[in-house]
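Being a predicted model, the structure only gives us computed values, none of them experimental.
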Amino acid sequence: MRKDVKGFVALDQKKGIGYECKDGLPYGHAVYLVRSNLNMVDKIDKNVEDEIATVYRAKSENDLKVGGEAFLKFLQNKNLDYHDVGILDGNTIKAHLIRADEKNMCYEAINYKATRNLKAKSGVSATKGKAEEDKKYYNPNLVKINDINFYKQMVETYKELGTLPLKEPEKFKDAPIVEEFIRFYGEASRGLTNEQADDFVNFVEVIAEYNLEDEAYNLPQKFYDYLDKAKELKDAVYMNNSTENEVVDHENTKRSRDERN
């Protein structure tokens with residue numbers, strides 16, 4: 001995760017496009033956001049996209065060497081200056097517009113379908129009509145969110161738990177809020193879809209990392225314990241949904257047989 005916010009602006013001399021390069025959301029893995037300075041009309045017209053890429057902080061000189069080479073290549077592809085950040089893991093998302101949504105702890109990536117309504121009038125680009133949006137959401141680790149409404153509920157629950165007295169803070173002194181979050185959804189897991197269960201596990205990874213990672217970007221065993229608990233809940237949801245589907249299929253088969261008879 002990001003401990004602070006840093007950034008710089010670079011200019012692509014060949015294309016004349018400026019790029020703002022800065023840290024992403026202060027949760028989850030480190031994310032580097034590369035945003036062009038073009039307005040939306042020019043982006044659609046020239047098909048220029050912003051990018052977000054996952055970056056892991058280097059923990060050793062060798063990590064820095066390997067990561068530096070990978071990140072240098074990434075920046076060179078955009079004709080940008082080198083900026084020493086860490087290890088780029090290759091998970092990159094591109095879209096015409098990428099927003100870091102602090103309130104909902106996610107990234108909103110939007111692509112716009114090019115239209116023939118893009119025209120230049122008196123030297124000024126303008127749009128006539130509304131371009132179609134293709135909108136996707138990603139959590140702070142750049143994992144695609146399946147159910148954004150459920151995800152926002154989780155974010156709200158997590159923030160609310162942070163304002164309440166926790167049940168056993170002395171027992172779970174490392175990160176009691178993560179323990180409480182898992183317990184809350186464990187008690188309310190019936191009715192979750194498989195996709196929501198996936199979003200739950202991915203979000204637990206984000207908040208566990210945020211609450212447990214130290215200044216050297218190391219994670220204690222407790223982090224993996226929390227992930228195991230979250231995955232146990234996910235497995236239970238999958239099992240429950242599978243059983244319910246089998247019951248429904250059986251009842252439908254029986255009803256169809258009775259109707260034929």
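Residues Met154 and Met105 have side chains not in contact (no heavy-atom distance under 4.5 Å, counting atoms from C-beta outward). Between Glu49 and Asn111 there is a side-chain heavy-atom pair separated by less than 4.5 Å. Between Lys222 and Asp225, the closest side-chain pair of non-hydrogen atoms falls below 4.5 Å.
Closest of all the heavy-atom pairs between Ile182 and Leu233 is O-CD1, 4.3 Å. The heavy-atom pair separating Asp42 from Asn39 by the smallest distance is N-OD1, 2.8 Å. In terms of heavy-atom proximity, Cys106 sits nearest to Ile148 at SG-CD1, 4.4 Å. Smallest separation of non-hydrogen atoms from Tyr107 and Gly24: OH-CA, 3.2 Å. Of all the heavy atoms in Phe150 and Leu192, the pair that sits closest is CE1-CD2, 3.6 Å. Heavy-atom minimum distance, Ala100 versus Arg35: N-NH2, 4.3 Å.
Going from atom CG of Asn241 over to atom CZ of Arg190 covers 9.0 Å, rounded to the nearest 0.5 Å. For the atom pair Asn194 CG and Met239 CE, the distance stands at 11.5 Å (nearest 0.5 Å). Interatomic distance, CG of Leu25 versus CG of Asp101, reported as 8.0 Å (0.5 Å rounding).
Take Asn47 and apply the side chain to side chain donor-acceptor pair (under 3.5 Å) test, not counting sequence neighbours, and it matches His96. The side chain to side chain donor-acceptor pair (under 3.5 Å) test applied to Asn146 returns Asp199, not counting sequence neighbours. A search for ring-ring contact (aromatic ring centres under 6.0 Å, His included) contacts involving Tyr138 returns nothing, not counting sequence neighbours. Remark: Tyr224 pairs with Leu219, Gln221 by the side-chain contact (heavy atoms from CB on, under 4.5 Å) rule, at least two apart or across chains. Residues forming a side-chain contact (heavy atoms from CB on, under 4.5 Å) with Lys234 (at least two apart in sequence, or on another chain): Ala197, Asp198, Val201, Tyr238. For Tyr151, the ring-ring contact (aromatic ring centres under 6.0 Å, His included) partners two or more places apart in sequence, or in a different chain, are Phe203. Evaluation of the side-chain contact (heavy atoms from CB on, under 4.5 Å) rule for Thr193 yields Glu195, Gln196 as partners, not counting sequence neighbours.
With Asp50 contributing its side chain and Ser36 its backbone, the two residues share a donor-acceptor pair below 3.5 Å. Here the side chain of Arg99 pairs no donor or acceptor atom with the backbone of Ala109 at under 3.5 angstrom. Remark: side-chain polar atoms of Asn139 are paired, donor with acceptor, to backbone N or O of Asn141 under 3.5 angstrom. Between the side chain of Asn211 and the backbone N or O of Ile207 there is at least one donor-acceptor pair closer than 3.5 Å.
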(message) If you apply the rule salt bridge (Lys or Arg N to Asp or Glu O under 4.0 Å), what do you find for Glu156 with Lys159, and how did you get there?
(response) CA-CA 5 Å; Glu156 186 176 343; Lys159 291 183 176 180; over 6 Å; no
(request) Give the C-alpha distance, both sets of side-chain angles, the deciding distance and a yes or no for side chain to side chain contact (heavy atoms under 4.5 Å, CB included) between Ile177 and Glu180. (result) CA-CA 5 Å; Ile177 189 172; Glu180 291 293 332; 5.5 Å; no
(request) Determine, stepwise, if the pair Glu213 / Phe223 fulfils side chain to side chain contact (heavy atoms under 4.5 Å, CB included). (result) CA-CA 8 Å; Glu213 192 177 58; Phe223 168 81; over 6 Å; no
(request) Walk me through it: do Tyr158 and Tyr210 pass the test side chain to side chain contact (heavy atoms under 4.5 Å, CB included)? (result) CA-CA 12 Å; Tyr158 171 68; Tyr210 179 72; 3.8 Å; yes
(message) As a quick check of understanding, evaluate side chain to side chain contact (heavy atoms under 4.5 Å, CB included) for Tyr137 and Asn104, giving each step before the final call.
(response) CA-CA 10 Å; Tyr137 298 91; Asn104 293 306; over 6 Å; no
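Identified under the salt bridge (Lys or Arg N to Asp or Glu O under 4.0 Å) test for residues 135-145, with sequence neighbours left out: Glu108-Lys135, Glu133-Lys135, Asp134-Lys136.
By the 30° and 60° cut-offs, the orientation of the rings of Phe200 relative to Tyr185 is tilted.
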